[in-house]
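Below: the structure, in structure tokens.
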Amino acid sequence: MTTPSGAHPDEPHRQGLAQRLNGLRAGVLGANDGIVSTAAVVVGVAGATSEVAPVLVAGMAALVGGAVSMALGEYVSVSSQRDSEHALIEKERRELAEAPDAEFTELVGLYEARGLSTETATRVATELTASDALKAHLSVELNIDADDVVSPWTAAFASAVAFTVGALLPLLTILLLPVEVRVAATFAAVLLALAVTGYVAAWIGGARRGRAVVRMVVGGALALGATYLVGSLFGGLAG
């Protein structure tokens, strides 16, 4: 697929856009979940004990289990979306083979509904049908590009890798620093990372950056505070 004439290089006119955005979205969400869930686990355990081994075991379990869970969740979700898109593509292909005249009339009507005159709509439909009838119908009727169907493997891999990378931040922070400062340092590192992921997620979705950052940081702080409190209470009871 070639870039349209006159298109700017930073505009989304290139093939594979859905793949890239899908992978990026899964990556950001995976990193965010890895940061929050793993940090909550290790901070909670650190609140109950000053020993390193329990924190390491709990943190690694949270990392591995979370990465696998995220990958499976993304794979199942995107597979359903992909299967639905493939079914729609096959349905449109069958309709074009069985009733091409009716499909052409429908295409003309769709362009007329977008504001084109009957003459212009007929000319556009004729040229696009001659070039690639299936592609024309998928684009106008269903907003689908047959060459850019999302991949569940891409989403699953991006989510698992991002979760792992995100989880390593709180895990390494709390394991490598002295006991006196490890919880406070983990809080600081996690909240800073959440601010970054919140900003990136808002940028991808075109939402307001500031609000997304505040939401992520406040939510992360509440999660860490709650698990640390629980760990401290149970640690005190066990002691």
Side-chain angles (χ1 to χ4, degrees), residues 23-78 153-205 209-239:
L24 186 57
R25 175 195 60 80
V28 171
L29 293 178
N32 179 67
D33 284 350
I35 293 168
V36 175
S37 61
T38 305
V41 170
V42 297
V43 164
V45 176
T49 178
S50 60
E51 297 182 12
V52 173
V55 176
L56 174 61
V57 172
M60 289 302 299
L63 187 156
V64 174
V68 173
S69 176
M70 286 293 294
L72 287 175
E74 282 292 333
Y75 182 83
V76 171
S77 175
V78 177
W153 290 108
T154 299
F157 180 76
S159 185
V161 170
F163 185 98
T164 301
V165 172
L168 286 174
L169 173 68
L171 183 58
L172 293 177
T173 301
I174 206 163
L175 290 175
L176 297 179
L177 294 181
V179 174
E180 317 80 72
V181 300
R182 66 181 185 178
V183 173
T186 301
F187 264 76
V190 166
L191 296 183
L192 177 60
L194 289 178
V196 173
T197 59
Y199 184 92
V200 173
W203 172 74
I204 293 174
R209 276 72 158 175
R211 179 179 298 176
V213 170
V214 171
R215 184 165 54 238
M216 293 294 295
V217 170
V218 171
L222 291 174
L224 294 180
T227 55
Y228 183 73
L229 177 61
V230 171
S232 298
L233 290 174
F234 278 90
L237 292 175

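Throughout, numbering of the chain's residues begins at 1 and tracks the sequence.
- Expressed to the nearest 0.5 Å, how far CG of Leu56 lies from CG of Leu171 amounts to 6.5 Å.
- The line from OG1 of Thr49 to CZ of Phe234 is 15.5 Å long, rounded to the nearest 0.5 Å.
- For the residue pair Ala160 and Ala71, the shortest heavy atom distance occurs at CB-CB, 3.8 Å.
- Atom CG of Leu192 and atom CZ of Phe187 lie 15.0 Å apart (nearest 0.5 Å).
- Under a 3.5 Å cut-off, the side chain of Thr227 and the backbone N or O of Leu224 do form a donor-acceptor pair.
- To the nearest 0.5 angstrom, Arg182 atom CZ is 11.5 Å from Leu176 atom CG.
- Counting all heavy atoms, side chain and backbone alike, Val41 lies closest to Ala62 at CG2-CB, 4.0 Å.
- With sequence neighbours excluded, the residues forming a side chain to side chain contact (heavy atoms under 4.5 Å, CB included) with Ala185 are Thr173, Leu177, listed by chain and number.
- Of the residues Leu191, Val196, Val165, Val190, the one that meets the side-chain contact (heavy atoms from CB on, under 4.5 Å) test with Ile35 is Val190.
- In terms of heavy-atom proximity, Ala58 sits nearest to Val45 at CB-CG2, 3.7 Å.
- Using modelled atom types, no side-chain atom of Ser77 and backbone atom of Glu74 make a donor-acceptor pair closer than 3.5 Å.
- Scanning both residues, Pro170 and Val42, for their nearest heavy atoms gives O-CG2, 4.3 Å.
- Val213 meets the side chain to side chain contact (heavy atoms under 4.5 Å, CB included) test with Ala195, Tyr199, Val217; sequence neighbours excluded.
- Atom CZ of Arg211 sits in a sparse spot, with 12 or fewer heavy atoms from other residues, nucleotides or ligands closer than 6.0 Å.
- Not one N or O on the side chain of Ser69 forms a donor-acceptor pair closer than 3.5 Å with the backbone of Gly65.
- Every residue two or more places apart in sequence or in another chain that forms a side chain to side chain contact (heavy atoms under 4.5 Å, CB included) with Ala167 is listed here: Thr38, Leu63, Phe163.
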